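Keep in mind the model is a prediction, meaning the values are calculated, not measured.
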Amino acid sequence: MTLQWREYETLDFPRILDAALSAFYEHGYHGTTTRDLARRSGLSVPGVYHYYPSKQDILVDLMTVIIDELLTRSRAALSGATPDPRSQFDALVESMLRFHMYRRTGAMVSTAELRSLEPGNRERYVAKRDEQQHMLDEVILAGVRDGDFSTSYPKDASRAIASLCVGVASWYRPDGSLPVEALLDRYLTIARSIVGISEETPR
């Protein structure tokens, strides 16, 4: 079954990960104890340790679930778009924006707690994050090669757009003044301008 990458439902996390998501968001990784996670998840401390050897393992599992969903949705967006760089760019950026709107709590925890991962865990997580960035890099480089995008700095443009999408998680609220589609249209316009797509250019 093909993933409907624009559709978001409430994540059905295991209760320890659900507890960790809210606790790390509210108090940070270092401000949360295993006892806190046990209380939030309705388990005893030994019960938590039955599933996870350490709090670090809980963080790793949580962040992996979050970035794996982002990667899966990004791949689905690219595979569902026509193969020209403009369509691929629009689909990928829209997917990244939607993710950071609808999964903003998880995205913010992942961004903030990257520093809390132990070296080996950080290396594995960063490899996944780099894979996401590489998707965007490749689409933008293809657009420059084909003459669809006019930026002289494709790698810098790619990083700027990724930061733009990630930043949405820090301020987006479902009850905000702009409806989702209007907000997406506005930020896609900004992203297109970064890579040098003229809004007058037909798709």
- Minimal non-hydrogen separation, Y29 against S116, with atom names: CD2-CB, 3.5 Å
- Message: Run the side chain to side chain contact (heavy atoms under 4.5 Å, CB included) test against P174 and tell me which residues pass, sequence neighbours left out.
- Response: R104, Y172
- Item | pair M101-L183: side-chain heavy atoms closer than 4.5 Å | yes
- Item | Polar side chain donor-acceptor pair, D36 to T33, under 3.5 angstrom | yes
- Does R40 come within less than 4.0 Å of D18, counting only side-chain N to carboxylate O? no
- Note on the structure: Residues at least two apart in sequence or cross-chain that pass salt bridge (charged side-chain N to carboxylate O under 4.0 Å, His left out) with D185, listed by chain then number, are none
- Relative to Y8, does R73 satisfy both conditions: NZ or CZ under 6.0 angstrom from the six-membered ring centre, and within 45 degrees of the ring's axis? yes
- Look at the side-chain heavy atoms of Ile, Leu, Val, Met, Phe, Trp and Tyr, link any pair under 4.5 Å apart, and say whether L141 and F89 land in one connected group. no
- Message: Please say yes or no: joined through hydrophobic side-chain contacts below 4.5 Å, possibly via intermediate residues, are M63 and V166 part of one cluster?
- Response: no
- Query: For L117 and R122, which heavy atoms make the closest approach, and how far apart are they?
  - Reply: O-NH2, 2.5 Å
- Query: Shared ILVMFWY cluster between V60 and F13, side chains joined below 4.5 angstrom?
  - Reply: yes
- Query: Where is the tightest heavy-atom contact between A81 and S87, given as atom of each residue plus distance?
  - Reply: CB-O, 3.8 Å
- Task: Run the salt-bridge test on R98 and E181 with the 4.0 Å N-O cut-off and return the result as yes or no.
- Result: yes
- Message: Please tell me whether V139 and Y153 are part of a single hydrophobic cluster in this structure, the criterion being side-chain heavy atoms less than 4.5 Å apart.
- Response: no
- Query: Going by atom types alone, do D57 and S54 pair a side-chain donor with an acceptor below 3.5 Å?
  - Reply: yes
